S.K.: 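Pasting in a structure now, in C-alpha cells, and then I'll have a few things to ask.
All values derive from a computational prediction rather than experimental measurement. Throughout, a chain's letter reflects where its sequence line sits, starting with A, and its residues are numbered from 1.
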Amino acid sequence: MTEHHHHIKLPEGSIEKQTTTLNVGPTHPATHGVFQNIMELDGERIVSTESTVGYIHRAFEKIAERRPLYQITPLTDRLNYCSSPINNMGWHLTCEKLLGVQTPKRVDYLRIIIMELSRISDHLICNSIVGVDTGAYTGFLYVMQYRELIYEIYEEVCGSRLTTNIGRIGGFERNFNNTAFTKLEKFLKEYPSVLKEFENLFTRNRIFMDRTIGTGGISAERALNYGFTGPNLRATGVDYDVRVHSPYSSYEDFDFSIPVGKTGDNYDRFLVRNEEMWQSLSILQQAYRKIQEFKGEEAEVFHANVPEYYLPKKEDVYTKMEALIWHFKIIMGEVDMPKGEVYKSVEGGNGELGFYLISDGGRTPFRLHFRRPCFIYYQAYPELVTGGMLSDAIVTMSSLNLIAGEMDA
Amino acid sequence: MEANNSFTMGHGLWSMDKPEKMALTNETIQQKLTAKFGEAVFGFEDTYGMLCFETAKENNLKLLQFLHDDEELGFRFLTDLCAVNYPDQPGRELAVVYHLHNLAANVRIRFKVFTDINTPDIYTASKLFASANWMERETFDFYGVNFVGHPNLKRILNVDEMDYFPMRKEYPLEDQTRVDKDDEMFGRG
C-alpha cells in the first residue's frame, strides 16, 4: 500500500494576498436564481468580480432546430419565467411575421391585456425583491396576492399559471370568458391602491433610499454600449421602448408615456419599474375599454383565419376525425413553413426579447436564436459593483432583474 | 448621497417621431455603404423591411466602425450577435450575424460574414461594443468561431471540459451513442 499525501492545493499567492475570495452563489438565497460570482473582497469592498453563468443551460436553441413551431412555445415559457406570456406572444408574433399573418384588432387588444398583466407581475416581483434585499419583506408579501390574481387570469385563458404556453399563431386558444373579465375588473379596481401603498412603503423610505440611491449606477453611454434594454436602460435616461420604436400588436393605438430615470442606479431602476406599472395599468384600462366596444359577432373574434397554423377547437379534436388530423399535422409540423429570415422583438419584462428565425422551408427552424436581454446586460455587473460594498452588490443584482432561465437559455 | 428624486417622465408616445431631417432609408444606407466600400459590401436584400447584406470576414470591423462612426448612419447599438452553420456551403460553412440598431432614427440592419469552418477566425467586435463580449463567447462556445483579439474567449454556457461545438449541424440533437437509455422504454426498440 502506497501512502498518499493529501494536500488541498491552493492557488499560488493565495495565503499572502491581502484580499478575500468569496463565492457568491451559484445557489445562495441572495442571488434569487442560479448565479455565481467569484468576488475578491477587501473587507466588505469589492475589488473585482467574475460572473459564471450557464448552470441551467437547457440547449433551447439546439432543441428548437428539431421542433415544429408549436413545440417551441413551451421552450419560450422557460426563458424569463416571471413573464412567460410575453415570451409566448413574442414567439407567435415571430411566426406570424414569417407566415404573413394579420391579426384582428380584438386579438391585438386581448394580447396587450395579457402582456401588460405580465409586465406588471414581472416588475412587481423585481421591485419587491429589491425591497427584500434591502431588508423590507412586507412589500413582497403584500403584493403577492395581486400576482396571484394575474395568474388566475392566465388560468382562465390558457389553463396554466407560470409556464403558460398561452395563445396560438393568429390569436388565442379560446375567447376570454366572463370570469377572466371579472377578475380583470377586480384587478383594475383594486390594484391602484395596492401599488400606491407599495410605493408608500418604499419610495420615500429613508432606509430604502439610502440603500439604493447612488449604488449600482451606470451612465447612458455605457449602458448602450453594454446593450442594455428595457427598464435598466430607461433608468439611465434613454427612452427606448420596443412597444414604441417597433410597435407590435397595435401598441400604436394606445396612449402611454415612457418613464425614464437619470442616474441608472438602483433607485432609478426601482422608480422606472414602478412608473411602468402605472403606465401598464393605464394601457390595461384603455385595452379593456376598446375590447368592450366590440359587439355581437365582432366580440367573438379571438383568432385570425389561418387554418393551416391555428389549432382546431379542442372539442372538435376529441370528437371529429378531420379536426384530430389537423391538430396532429400542425403539432407535428407536417405543414412546411415558408422560407425566410426574420427578426422580431417585443418589450419583455426586462428588455428587448428578440427572436431571430431562419427557415429553410422545412418543418422546423433551420436556426432560431433568442436575444435574451439579461444575458447581454449582465456583462456589466462587474463594472456596476466594483468598488462598492458587497451588500450593495446584492441589491444591484436583484434590481437588474436577472432571470437565470433567460440568461442560460 | 443626495435624496433628490432624480426621476423624470419621458416624452410620451408621439415624441418618438423621427427628427426633422431626412429619414434614414434602406436606399440611403446602401448608397453610403457602396460609396465607401464598393464591391466589398454586397448581397443587399430587403427582408421584411430590414436591410440585409454581406461582407468578407476581413472587413467586419471596418464595416462596424464605419456604421458606428458615420454621422448619418449612426448604428451604435449592437442588438444581437450570433452564428449560423450552413453545412452545405463549402468554404462558407459558418456565418456570424450582426443585428445593429440606430436608435435615434429607429432603423435596424443585419449583416453577415461567412467563414470556412476549418479556419473560423473573425475579428472581435468587443472593443467597439462591450455587449459583444459575452455574445461572442456564446458564439464561440456553440459554433467554435474564433474571435481574434477577444479578451477572454472561453466557454460560457457549456462546461469547460466540452471538446466540441454543439450547435454545429454535424451534431444531432440527441447523442445517438447513449447507452444509459433503455430503447424499449423510450419506444425506440
Side-chain angles (χ1 to χ4, degrees), chain A residues 53-54 57 59 61-63 65-66 97-98 203 206 209-210 213-214 222 224-228 234 237-241 244-246 252 254-263 265 267-268 271-272 275 340-343 345 352 354 356 358 366-367 369 371 375-380 408-409, chain B residues 1-16 45 47-50 52 76-86 95 97 99 101 103-104 106 108 110 112 126 128-135 137-139 141-142 152 155-159 166-167 169 171-174:
Chain A
V53 299
H57 173 60
E61 291 181 2
K62 188 76 184 176
I63 295 172
E65 290 182 4
R66 284 274 292 270
K97 188 172 177 181
L98 180 77
T203 309
R206 185 75 257 164
M209 290 168 83
D210 284 350
I213 293 174
R222 289 301 291 158
L224 285 170
N225 200 250
Y226 266 121
F228 274 48
R234 292 190 282 273
V238 181
D239 60 347
Y240 171 61
D241 188 319
V244 175
H245 267 71
S246 324
E252 65 274 17
F254 292 80
D255 188 17
F256 60 101
S257 18
I258 314 172
V260 291
K262 271 181 190 158
T263 58
D265 61 5
Y267 190 59
D268 272 14
L271 292 178
V272 163
E275 183 54 36
E341 228 176 289
V342 293
Y343 176 80
S345 57
E352 176 173 343
Y356 176 41
I358 303 179
F366 180 75
R367 170 83 166 105
H369 176 70
R371 182 204 192 270
F375 174 76
I376 296 171
Y377 64 64
Y378 185 43
Q379 299 177 65
D408 294 351
Chain B
M1 244 183 263
E2 212 185 327
N4 70 324
N5 187 343
S6 59
F7 172 76
T8 51
M9 204 64 161
H11 316 291
L13 186 57
W14 305 115
S15 70
M16 297 304 298
E45 210 183 346
T47 59
Y48 299 86
M50 191 194 269
C52 308
R76 302 199 183 103
F77 190 80
L78 178 67
T79 303
D80 194 32
L81 187 162
C82 66
V84 187
N85 182 199
Y86 298 95
V97 189
H99 280 87
H101 198 164
L103 291 173
N106 193 19
R108 294 174 192 269
R110 168 197 308 143
K112 290 183 184 172
S126 57
L128 193 56
F129 298 105
S131 54
N133 189 319
W134 280 18
M135 291 196 268
R137 276 179 66 186
E138 191 189 16
T139 307
D141 194 356
F142 288 96
N152 186 26
R155 289 191 184 272
I156 184 159
L157 294 180
N158 288 309
V159 289
M167 282 291 283
K169 292 280 183 188
Y171 301 105
L173 182 61
E174 198 163 77

S.K.: Under a 4.5 Å heavy-atom cut-off, does chain A meet the side chain of B:N85, its backbone, both or neither?
M.R.: backbone

S.K.: Compare every heavy atom of A:G227 with every heavy atom of B:S131, then report the nearest pair and how far apart it is.
M.R.: CB-N, 3.7 Å

S.K.: Sub-3.5 Å donor-acceptor pair from the side chain of B:D141 to the main-chain atoms of B:I156, do we have one?
M.R.: yes

S.K.: Non-hydrogen atoms of chain B under 4.5 Å away: do they reach the side chain of A:I376, the backbone, both or neither?
M.R.: side chain

S.K.: Aromatic contact between A:Y226 and A:Y377, with the criterion being ring centroids under 6.0 Å apart: yes or no?
M.R.: no

S.K.: Which atoms of B:F142 come close to chain A, meaning under 4.5 Å heavy atom to heavy atom: side chain ones, backbone ones, both, or neither?
M.R.: side chain

S.K.: Among A:H57, A:K97, A:E61, A:K62, which residue has the highest count of heavy-atom pairs closer than 4.5 Å to chain B?
M.R.: A:K62

S.K.: Is it the side chain or the backbone of A:L98 that comes within 4.5 Å of chain B heavy atoms, both, or neither?
M.R.: both

S.K.: Using heavy-atom distances under 4.5 Å, tell me whether B:M50 contacts chain A through its side chain, its backbone, both, or neither.
M.R.: side chain

S.K.: Assess, by modelled atom type and distance only, whether the side chains of A:E341 and B:Y48 contain a donor and an acceptor separated by less than 3.5 Å.
M.R.: no

S.K.: Assign the ring pair B:W134 / A:Y378 to parallel, tilted or perpendicular, where the plane angle (0 to 90°) is split at 30° and 60°.
M.R.: perpendicular

S.K.: By a 4.5 Å heavy-atom criterion (distance strictly below it), what part of A:Q379 contacts chain B: side chain, backbone, both, or neither?
M.R.: both

S.K.: Which region of B:V159, side chain (C-beta onward) or backbone (N, CA, C, O), has a non-hydrogen atom less than 4.5 Å from a non-hydrogen atom of chain A, or is it both or neither?
M.R.: neither

S.K.: Let me know if B:R110 has heavy atoms under 4.5 Å from chain A in its side chain, its backbone, both or neither.
M.R.: side chain

S.K.: Can you classify the ring geometry of B:H99 versus A:Y343 as parallel (below 30°), tilted (30 to 60°) or perpendicular (above 60°)?
M.R.: tilted

